[in-house]
Q: 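Here's a structure for you.
Keep in mind that what you see is a predicted model, and the values were worked out from it rather than measured. Because only heavy atoms are used, hydrogens play no part in the values below, and waters and symmetry mates are left out as well, while side chains stay in. Positions are given from 1 along the sequence.
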Amino acid sequence: MHALLEDIELDVQELKCTTLAVMKGEAADEVAKRSLIRLKERLAALEHALDEHSAERVAVASPLHEESGPEERNTSSSAEAEEPAGETAAILADCIRVSVRLRRALSLNDSFRFAHELFGGDMALMNSALDTLEKSASLAEAQETLHTLVSAGEENPALEEFTELLKKHFG
């Protein structure tokens, strides 16, 4: 899905450039139309991918799958749905449980940041570490493994945030 989003971003930039050329009176309207058609196709593909992802999330959240264990945790808090209207809602980030896959819990920016600050810029090393951490039996084991894989100081903000991510994952 990330590659599709990057393609859409490039299409938008191309469309901007060709539209500016058309507005200046240059003969680029056919190129702009082709760019617009390609952008519409990619947006439709993105919509389809999001629909499939939503269908997967609904299937995971169904009662049939809840009995299968911690591998398929529900991604929303049931207490959040039962909250009375008069009470202040909790911060969304605190209510959401991290998905089974640690990699899915990372935003693109966090992924680059953690790779840079904790794994010396080595994305493959970080992905390998995420796979290893997911296989840990407990939070304590995961934290111990993390400290053997990462050579960052205890007060490193990125390490603290990564540890919080592990707490949510195993929580």
Q: Under the side-chain hydrogen bond (donor to acceptor under 3.5 Å, both in side chains) rule, collect the residues that match up with N156, sequence neighbours excluded.
A: none

Q: Could you tell me whether the side chain of L106 reaches within less than 4.5 Å of the side chain of M126, counting heavy atoms only?
A: yes

Q: With a 4.5 Å heavy-atom cut-off, do F162 and L133 have their side chains touching?
A: yes

Q: Are P157 and R113 close enough that some pair of their side-chain heavy atoms sits under 4.5 Å apart?
A: yes

Q: When clusters are formed by joining ILVMFWY residues with side-chain heavy atoms under 4.5 Å apart, either directly or through shared neighbours, do L46 and L10 land in the same one?
A: no

Q: Under 3.5 Å, which donor-acceptor pairs link side chains of residues 142-149 to any protein atom two or more places apart or in another chain?
A:
| unit_1 | atom_1 | unit_2 | atom_2 | d |
| --- | --- | --- | --- | --- |
| T145 | OG1 | E141 | O | 2.9 |
| T148 | OG1 | T145 | O | 2.6 |

Q: Pair up each side-chain donor or acceptor in residues 33-43 with any protein partner under 3.5 Å, not counting sequence neighbours, and list the distances.
A:
| unit_1 | atom_1 | unit_2 | atom_2 | d |
| --- | --- | --- | --- | --- |
| S35 | OG | E14 | OE2 | 2.5 |
| S35 | OG | V31 | O | 3.1 |
| R38 | NE | D11 | OD1 | 3.2 |
| R38 | NH2 | E14 | OE1 | 3.3 |
| R38 | NH2 | E14 | OE2 | 2.5 |
| R42 | NH1 | D11 | OD1 | 2.9 |
| R42 | NH1 | D11 | OD2 | 2.6 |

Q: Test of understanding: with salt bridge (charged side-chain N to carboxylate O under 4.0 Å, His left out), list the residues that count as partners of D131, not counting sequence neighbours.
A: R101, R103

Q: With side chains defined as the heavy atoms from C-beta onward, is the minimum distance between L165 and E161 less than 4.5 Å?
A: no

Q: Does any N or O in the side chain of T163 come within less than 3.5 Å of the main-chain N or O of L159, such that one atom is a donor and the other an acceptor?
A: yes

Q: Residues in side-chain hydrogen bond (donor to acceptor under 3.5 Å, both in side chains) with E160, at least two apart?
A: none

Q: With sequence neighbours excluded, what pairs up with H116 under the side-chain hydrogen bond (donor to acceptor under 3.5 Å, both in side chains) test?
A: none

Q: If you measure from CZ on F119 to CG on N127, what distance do you get to the nearest 0.5 Å?
A: 9.0 Å

